[in-house]
Enquirer: 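Okay, here's the structure, questions in a sec.
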Amino acid sequence: MATREGASATKAVAPACVPVHIGVIMDGNGRWATARNLPRFEGHRRGVEALRRCVRAAREMGIRYLTIYSFSSENWSRPAQEVSELMGLLKRFVRHDLAELHGHNVRVRIIGERTSLPKEIVLLLDEAENLTRDNTGLTLNVAFNYGSRQEIASAAAKLAAEVAAGRLKPEDVTIERISAHLDTAGIPDPELIVRTSGEQRLSNFLLWQAAYSEFVFLPIHWPDFDQAALQGAIDEFARRERRFGGVTAQVGSARS
Ligand code: IPE
Ligand code: IPE
Ligand code: MG
């Protein structure tokens, strides 16, 4: 990193340009497999290997929060066999990788609706969170059975209940309170959201939190994702000008 810091300010990814929080929509497993005449499951299996590479790269780059979209509320509409294969891969991932993640000081957090999931999955997710609760390295947020509209609706319902009980006034329903009732409470909004497979949509991922995120859409499918792809997305992010509704710095403007 020392050589990067010394490089030209416009090209290098200086530490300040490395996002604190990156969201990743891991897409294209099925197409990766189909293009190789393999079953979709093989794409998902290879996708887990790409996830390991992604987590390792994020740790090594000093990213504080990585949120990965692993199963959406809408993914239940897939064929039963694929759903069950995806559940199997999640279970295997937690069982095989939890100790290593813990060993690397990774804190695992799960976002998404948990109560309707099979009991054995709920227990595994709870175990991953409990074991790593006090870790201080990368926070890996796993979006599982996650849908952002559902998350926002649920936050609204909780606040409505507070108002109905007289504990809050309607005007107390603020941006901060809504944020604090989302699954991502306490986690800064992602500065960067990366989606693989060339699709350019959010598919119900972090809708509220992405208000001012930068988006990088990569043409590769998720099983081909690696450290270089993550670095490329961060380099692209570093070239973006984030304005948050303000104005551009006057450097190089018509007046100068
Ligand atoms: C992403 O790959 C994995 C999940 C959504 C669980 P897909 O399975 O969506 O792959 P494509 O988009 O069909 O290629
Ligand atoms: C989004 O991908 C969900 C995950 C990556 C887990 P999908 O493949 O489900 O999204 P759509 O259907 O193409 O929008
Ligand atoms: Mg897809």
Side-chain angles (χ1 to χ4, degrees), residues 21-55 57-58 65-97 108-114 116-118 121-122 124-125 128 140-153 182-184 187 190 192-210 213-226 229-230 233:
H21 182 179
I22 302 181
V24 180
I25 304 175
M26 313 185 288
D27 198 18
N29 292 349
R31 279 165 284 170
W32 182 93
T34 304
R36 289 161 180 76
N37 282 317
L38 295 168
R40 289 177 61 86
F41 173 72
E42 189 55 22
H44 294 314
R45 201 185 63 74
R46 295 287 290 263
V48 175
E49 291 171 16
L51 170 60
R52 292 189 179 110
R53 290 195 291 275
C54 181
V55 172
Y65 300 91
L66 178 70
T67 301
I68 50 148
Y69 205 5
S70 60
F71 192 86
S72 77
S73 339
E74 289 72 38
N75 286 148
W76 295 105
S77 64
R78 294 188 178 203
Q81 187 191 332
E82 180 165 345
V83 169
S84 118
E85 287 168 351
L86 287 167
M87 295 293 146
L89 281 175
L90 173 87
K91 283 190 266 180
R92 228 171 300 161
F93 177 73
V94 176
R95 286 195 188 118
H96 284 174
D97 290 55
V108 179
R109 256 179 90 158
I110 315 297
I111 60 171
E113 214 287 304
R114 224 177 297 192
S116 59
L117 290 172
I121 293 204
V122 176
L124 269 181
L125 299 180
L140 175 64
N141 298 312
V142 181
F144 189 78
N145 192 23
Y146 175 84
S148 194
R149 284 182 161 181
Q150 292 85 334
E151 177 193 35
I152 295 167
L182 299 175
D183 295 353
T184 51
I187 297 170
L192 169 63
I193 292 184
V194 179
R195 182 169 187 153
T196 53
S197 90
E199 305 297 350
Q200 303 193 0
R201 55 178 170 265
L202 278 175
S203 304
N204 209 7
F205 184 58
L206 302 181
L207 303 182
W208 172 277
Q209 299 86 340
S213 300
E214 296 294 330
F215 296 97
V216 172
F217 298 105
L218 299 174
I220 57 167
H221 290 312
W222 179 250
D224 289 328
F225 191 87
D226 59 10
L230 183 63

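First listed ligand is number 1; within each ligand, the first listed atom is number 1.
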Enquirer: Whether Arg78 engages the ring of Trp76 as a cation-pi pair (distance to the six-membered ring centre under 6.0 angstrom, angle to the ring normal within 45°) should be assessed.
Expert: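 No cation-pi geometry.
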Enquirer: Quick check for you: within a radius under 2.8 Å, how many protein N, O or S atoms neighbour the Mg ion (ligand 3)?
Expert: 1
Enquirer: Donor-acceptor pair, distance only, cut-off 3.5 Å: does the side chain of Ser72 make one with the backbone of Gly147?
Expert: no
Enquirer: For His21 and Thr67, does a side-chain donor sit closer than 3.5 Å to a side-chain acceptor?
Expert: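 Side-chain D/A pair, His21 to Thr67: present.
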Enquirer: In terms of side-chain heavy atoms, does Gln150 have a donor or acceptor partner in Asn204 at a distance below 3.5 Å?
Expert: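 A pair is found: one side chain offers a donor N or O, the other an acceptor, under 3.5 Å apart.
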Enquirer: Run the side-chain hydrogen bond (donor to acceptor under 3.5 Å, both in side chains) check on Arg195 and Ser203 step by step: do they pass?
Expert: CA-CA 10 Å; Arg195 182 169 187 153; Ser203 304; 2.8 Å; yes
Enquirer: For ligand 2, output the ligand-protein N/O contacts shorter than 3.5 angstrom; if there are none, return none.
Expert:
from, atom 1, to, atom 2, distance (Å)
ligand 2, 8 (O), Asp27, OD1, 3.2
ligand 2, 8 (O), Arg78, NH2, 3.2
ligand 2, 9 (O), Asn75, ND2, 2.9
ligand 2, 9 (O), Arg78, NH2, 3.4
ligand 2, 10 (O), Arg195, NH2, 3.3
ligand 2, 10 (O), Ser203, OG, 3.4
ligand 2, 13 (O), Arg201, NH2, 2.8
ligand 2, 14 (O), Arg201, NE, 2.8
ligand 2, 14 (O), Ser203, OG, 2.6

Enquirer: Looking at Arg40, which atoms of ligand 1 are within less than 4.0 Å of one of its heavy atoms?
Expert: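 Listed by number with element: 7 (P), 8 (O), 10 (O), 13 (O).
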Enquirer: Going by distance alone, is a donor N or O of one side chain under 3.5 Å from an acceptor N or O of the other, for Glu151 and Tyr146?
Expert: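 On atom types as modelled, these side chains qualify, holding a pair under 3.5 Å.
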Enquirer: Sort out for me which residue in Asp183, Asn141, Val142, Leu125 forms a side chain to side chain contact (heavy atoms under 4.5 Å, CB included) with Arg109.
Expert: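 Single side chain to side chain contact (heavy atoms under 4.5 Å, CB included) partner of Arg109 among Asp183, Asn141, Val142, Leu125: Asn141.
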Enquirer: Please classify the His44 to ligand 1 contact at 4.0 Å (heavy-atom distances, strictly less than): side chain, backbone, both or neither.
Expert: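 His44 to ligand 1: side-chain contact only, backbone stays beyond 4.0 Å.
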Enquirer: In chain order, what residues pass the side-chain contact (heavy atoms from CB on, under 4.5 Å) check against Val48, with sequence neighbours excluded?
Expert: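 With sequence neighbours excluded, Val48 shows a side-chain contact (heavy atoms from CB on, under 4.5 Å) to Arg52, Leu89, Phe93, given in chain and number order.
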Enquirer: Contact between Thr184 and Ile111 at the side-chain level, heavy atoms closer than 4.5 Å - yes or no?
Expert: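 When only atoms from C-beta onward are counted, Ile111 and Thr184 do touch, with a gap below 4.5 Å.
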Enquirer: Only counting residues at least two apart or in another chain, list the ones meeting salt bridge (Lys or Arg N to Asp or Glu O under 4.0 Å) with Arg31.
Expert: Asp27, Glu199
